[in-house]
Amino acid sequence: MIFVAMLSGGIGTRMKLDKPKQFEIVGNKPILAHSIEKFLEVDEIDKIIVSSPESHITTTKDLIKNYFNDDSRIVVILGGETRNGTILNSIDYVKSNYDDGDHILITHDAPRIFVSTELIRKSIEELEDHDAASPVIPAVDVIFESKEKGKLTDIPLRKNLVHSQTPQSFKINKFLEIYQDLSEDEISKLDEAMMLFFLRDGNISLFEGDPSNFKITRKIDLKIAEAYLNEWGKPWILVNFIENYLKKYRTLKN
């Protein structure tokens with residue numbers, strides 16, 4: 001079976017909003033609703049596990065009811081204190097309610113509302129020959145490493161750097177096999193699923209992501225997302241955007 005861990009357990013601290021950002025309205029719809037809607041379009045997915053802060057469980061369930069009429073493919077669970085904790089809670093839900101088959105879990109940042117069904121399906125397909133998979137896009141800026149605040153310690157070559165995105169996918173049983181082999185120190189370093197597989201030389205696929213699949217993180221991102229949604233239906237703007245994107249992307253690849 002194929003499950004989705006919709007990561008929406010944050011409380012919006014970085015954006016300084018009066019509510020968790022997954023409930024922020026963009027294009028007349030909450031951020032969380034946009035992302036759930038996209039995954040519901042993928043027939044291969046059996047269940048969408050939506051994580052929620054404990055103080056907003058009722059609000060999250062009400063959102064599901066209002067926008068998706070309590071669709072049986074969606075369930076709400078308590079999010080963890082960390083990203084890794086939320087992923088583990090999602091796995092625990094699967095293990096507690098389904099058999100021990102070689103199930104797949106797709107993790108996705110709820111604030112990435114422009115994820116495409118093509119990218120979701122690609123994440124699933126990559127597991128035919130890999131244990132885990134993640135979309136990536138080329139780094140367009142020079143990245144400074146600073147192990148000490150305010151001090152430059154290294155400048156990695158940009159051509160070797162990529163930005164990770166979601167949806168990331170992995171085989172649940174393989175994840176647990178590796179997790180049980182990690183030390184407490186290694187577990188403390190886990191900030192996303194790919195790190196776990198990397199620590200044990202897992203077979204990870206990095207496949208081509210999509211620059212439009214950005215994560216709404218700052219208040220300016222809300223304005224960008226709103227602009228995308230408002231202008232997307234205008235053909236000339238869409239064509240212009242795609243042409244400019246392809247020109248820039250081909251330049252980066254070369």
Side-chain angles (χ1 to χ4, degrees), residues 4-45 48-53 56 59-71 73-74 76 79 106-123 134-138 140-141 163-168 208-249 252:
V4 175
M6 186 64 67
L7 305 178
S8 57
I11 56 175
T13 304
R14 281 181 295 181
M15 291 188 74
K16 298 180 180 180
L17 300 172
D18 58 358
K19 58 180 175 289
K21 65 183 174 184
Q22 57 267 30
F23 302 125
E24 190 73 14
I25 301 296
V26 179
N28 299 318
K29 193 183 302 179
I31 285 173
L32 179 57
H34 281 286
S35 289
I36 292 175
E37 189 174 68
K38 189 60 66 173
F39 279 83
L40 285 175
E41 294 177 16
V42 180
D43 293 335
E44 295 90 329
I45 290 171
I48 299 175
I49 306 166
V50 181
S51 58
S52 170
H56 290 81
T59 304
T60 303
K61 289 182 177 179
D62 287 344
L63 183 151
I64 303 301
K65 182 177 181 179
N66 292 336
Y67 285 90
F68 305 104
N69 195 29
D70 284 334
D71 192 308
R73 292 171 68 190
I74 309 170
V76 178
I106 304 171
T107 63
H108 185 66
D109 302 317
R112 293 185 187 272
I113 68 174
F114 296 105
V115 62
S116 66
T117 55
E118 291 78 15
L119 206 58
I120 296 169
R121 289 194 171 96
K122 180 65 174 175
S123 188
S134 174
V136 296
I137 58 172
V140 296
D141 299 310
H163 295 287
S164 67
Q165 296 185 325
T166 63
Q168 296 179 339
E208 186 175 335
D210 183 349
S212 66
N213 179 33
F214 69 92
K215 184 178 181 181
I216 299 175
T217 305
R218 305 157 298 174
K219 287 189 175 181
I220 186 64
D221 297 328
L222 289 171
K223 297 182 181 297
I224 294 171
E226 193 73 51
Y228 269 37
L229 290 169
N230 288 339
E231 303 292 352
W232 214 244
K234 299 179 182 179
W236 69 269
I237 291 179
L238 177 57
V239 170
N240 185 56
F241 174 82
I242 292 174
E243 287 180 347
N244 288 335
Y245 157 65
L246 289 175
K247 287 178 183 178
K248 185 175 182 180
Y249 186 66
L252 288 172

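Below, each value reflects all heavy atoms present in this structure, side chains not excepted, and no hydrogens, waters or symmetry copies.
- Here Lys29 pairs with Glu37 in a salt bridge; the nearest charged N to carboxylate O distance falls below 4.0 Å.
- In terms of modelled atom types and a separation under 3.5 Å, the side chain of Ser35 and the main chain of Ala110 share a donor-acceptor contact.
- Distance alone, capped at 3.5 Å, is enough to place a donor-acceptor pair between the Ser51 side chain and the Met6 backbone.
- Taking the ring centroids of Phe23 and His56, they lie under the 6.0 Å cut-off.
- Proximity of a side-chain donor or acceptor of Asn213 to a complementary backbone N or O of Thr166 within less than 3.5 Å is detected.
- Sorted by first and then second residue, the salt bridge (charged side-chain N to carboxylate O under 4.0 Å, His left out) pairs with a member in residues 62-71 form an empty list; sequence neighbours excluded.
- Ring orientation note: the planes of Phe39 and His108 are tilted relative to one another, at an angle of 30° to 60°.
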### Criterion side chain to side chain donor-acceptor pair (under 3.5 Å) on Gln168 and Ser134, from CA distance to verdict
CA-CA 4 Å; Gln168 296 179 339; Ser134 174; 3.1 Å; yes
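- Taking 4.5 Å as the limit, some side-chain heavy atom of Leu229 sits within range of a side-chain heavy atom of Phe114.
- Ser123 places a side-chain N or O within 3.5 Å of a backbone atom of Pro167 that can act as its donor or acceptor partner.
- The side-chain heavy atoms of Val4 and Ile49, taken from C-beta on, include no pair separated by under 4.5 Å.
- Residues Val115 and Asp109 are not in side-chain contact: their nearest non-hydrogen atoms beyond the backbone lie 4.5 Å or more apart.
- For Gln165 (side chain) and Phe214 (main-chain N/O), no donor-acceptor pair under 3.5 Å exists by modelled atom type.
- A donor-acceptor pair under 3.5 Å links the side-chain atoms of Arg73 to the main chain of Leu40, judged by distance alone.
- A donor-acceptor contact shorter than 3.5 Å is absent between the side chain of Thr107 and the backbone of Ala5.
- Not a single donor-acceptor pair under 3.5 Å links the side chain of Gln22 to the backbone N or O of Leu32.
- Lys38 places no side-chain N or O within donor-acceptor distance of the main-chain N or O of Thr117, the cut-off being under 3.5 Å.
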